[in-house]
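Take a look at the structure below.
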Amino acid sequence: MAVTSMQKFKNYQDGCEVTLPGFVADEPICVKLKRVSMLAMAQAGRIPNALLTAAAELFKNGINLEKAQDGEDFKQIAETMTVIARESLVEPTYAELEEAGVGLTDTQLLYIYNFCQTGVDALKSFRKEQEGDADHRDGASVPKKTKRTNGH
C-alpha cells in the first residue's frame, strides 16, 4: 500500500457529501461534512470548558442518555453535539443555517455526531436499522372508521 499523498489529506478537510434525514419524512437532505476530532477540538479550546466533561463522556461512552443524571447533563450533551455540528458542517455552514433560521433536528445532530466518530459507512448501517422500523408511527395504518368491541 502506498503512502497517502498530502493532497489527499487536504481533500479530506474539504468534506464529503452526506445524506441526512430531512425535516419531513421521505425528503432527505444532502450536506457536506468533514470528520472532526473531539480530542483536537478540546485541545484547541473549541469545546467550552463547561462542556468538557460532557464531551469526554461522549467520547468515552458514545451517546448514553441513561447515564445523564439530570437535566443539566442532558443539556450539556445537546450543547456538545451542537458544537460538533458547528465544526463539521462545511456546506451549508452551521452559521448559514442559523442565519436562515433553520435549526437541526435531534436526528440530524445524531447523524452528524455518528459521522464524525465513525465515518459515512457507519451511517449506512444506521439507515438500514431505521428502514426496518415498521411500527407505523405515522398513523397511516390506522383505519379511518373504528370498530366498537364489547367490554372495552
Side-chain angles (χ1 to χ4, degrees), residues 1-140:
M1 178 152 125
V3 173
T4 304
S5 71
M6 188 52 70
Q7 185 58 46
K8 189 135 182 147
F9 280 110
K10 290 178 183 177
N11 290 345
Y12 290 137
Q13 289 307 302
D14 293 338
C16 65
E17 290 182 358
V18 176
T19 302
L20 300 177
F23 295 96
V24 295
D26 298 327
E27 287 187 31
I29 60 172
C30 184
V31 297
K32 193 178 254 192
L33 298 175
K34 64 180 177 182
R35 288 185 67 190
V36 295
S37 164
M38 290 178 66
L39 293 174
M41 289 171 59
Q43 188 176 19
R46 293 193 312 262
I47 298 176
N49 284 342
L51 299 179
L52 284 174
T53 300
E57 277 295 314
L58 275 174
F59 183 79
K60 185 171 69 172
N61 300 318
I63 298 168
N64 185 354
L65 296 179
E66 291 176 11
K67 288 195 173 196
Q69 300 296 316
D70 55 30
E72 189 61 32
D73 288 347
F74 184 73
K75 180 181 174 193
Q76 288 184 348
I77 290 169
E79 289 173 355
T80 303
M81 290 181 65
T82 300
V83 168
I84 292 168
R86 186 180 307 277
E87 288 283 324
S88 66
L89 275 161
V90 174
E91 190 178 341
T93 65
Y94 195 88
E96 289 170 335
L97 291 172
E98 282 183 317
E99 288 169 16
V102 177
L104 295 173
T105 67
D106 298 342
T107 305
Q108 291 164 344
L109 286 170
L110 286 169
Y111 265 64
I112 292 169
Y113 168 78
N114 284 328
F115 169 79
C116 288
Q117 294 305 300
T118 57
V120 75
D121 289 337
L123 294 181
K124 290 176 187 172
S125 64
F126 187 67
R127 283 190 197 103
K128 293 265 188 245
E129 288 175 22
Q130 297 301 313
E131 288 171 7
D133 186 8
D135 67 359
H136 306 293
R137 285 180 244 166
D138 62 357

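- Sequence neighbours left out, the pairs with a member in residues 89-114 that pass salt bridge (Lys or Arg N to Asp or Glu O under 4.0 Å) are Arg86-Glu98.
- At least one side-chain heavy atom of Leu109 sits under 4.5 Å from a side-chain heavy atom of Thr82.
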Worked verdict on Phe115 versus Arg35 for side chain to side chain contact (heavy atoms under 4.5 Å, CB included): CA-CA 7 Å; Phe115 169 79; Arg35 288 185 67 190; 3.4 Å; yes
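- For the atom pair Tyr111 OH and Ile29 CD1, the distance stands at 11.5 Å (nearest 0.5 Å).
- Distance check, rounded to the nearest 0.5 Å: CD of Glu57 to CG of Leu51 gives 13.5 Å.
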Below 3.5 Å, can you tabulate the donor-acceptor pairs from side chains in residues 36-43 to any protein atom, sequence neighbours excluded?
residue, atom, partner, partner atom, Å
Ser37, OG, Leu39, N, 3.3
Ser37, OG, Ala40, N, 3.0

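- Heavy atoms only, all atoms of each residue included: Ile84 and Cys116 are closest at CG2-SG, 3.9 Å.
- Atom OG1 of Thr80 and atom OH of Tyr113 lie 10.0 Å apart (nearest 0.5 Å).
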Take Val31 and Ile112, measure what side chain to side chain contact (heavy atoms under 4.5 Å, CB included) needs, and give me the verdict at the end. CA-CA 10 Å; Val31 297; Ile112 292 169; 5.7 Å; no
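- The heavy-atom pair separating Asp14 from Val90 by the smallest distance is O-CG1, 3.6 Å.
- When side chains are defined from C-beta on, Val102 counts as touching Phe23, because their heavy atoms get closer than 4.5 Å.
- One distance of note links CD of Gln108 with CG of Leu110; it measures 10.0 Å at 0.5 Å rounding.
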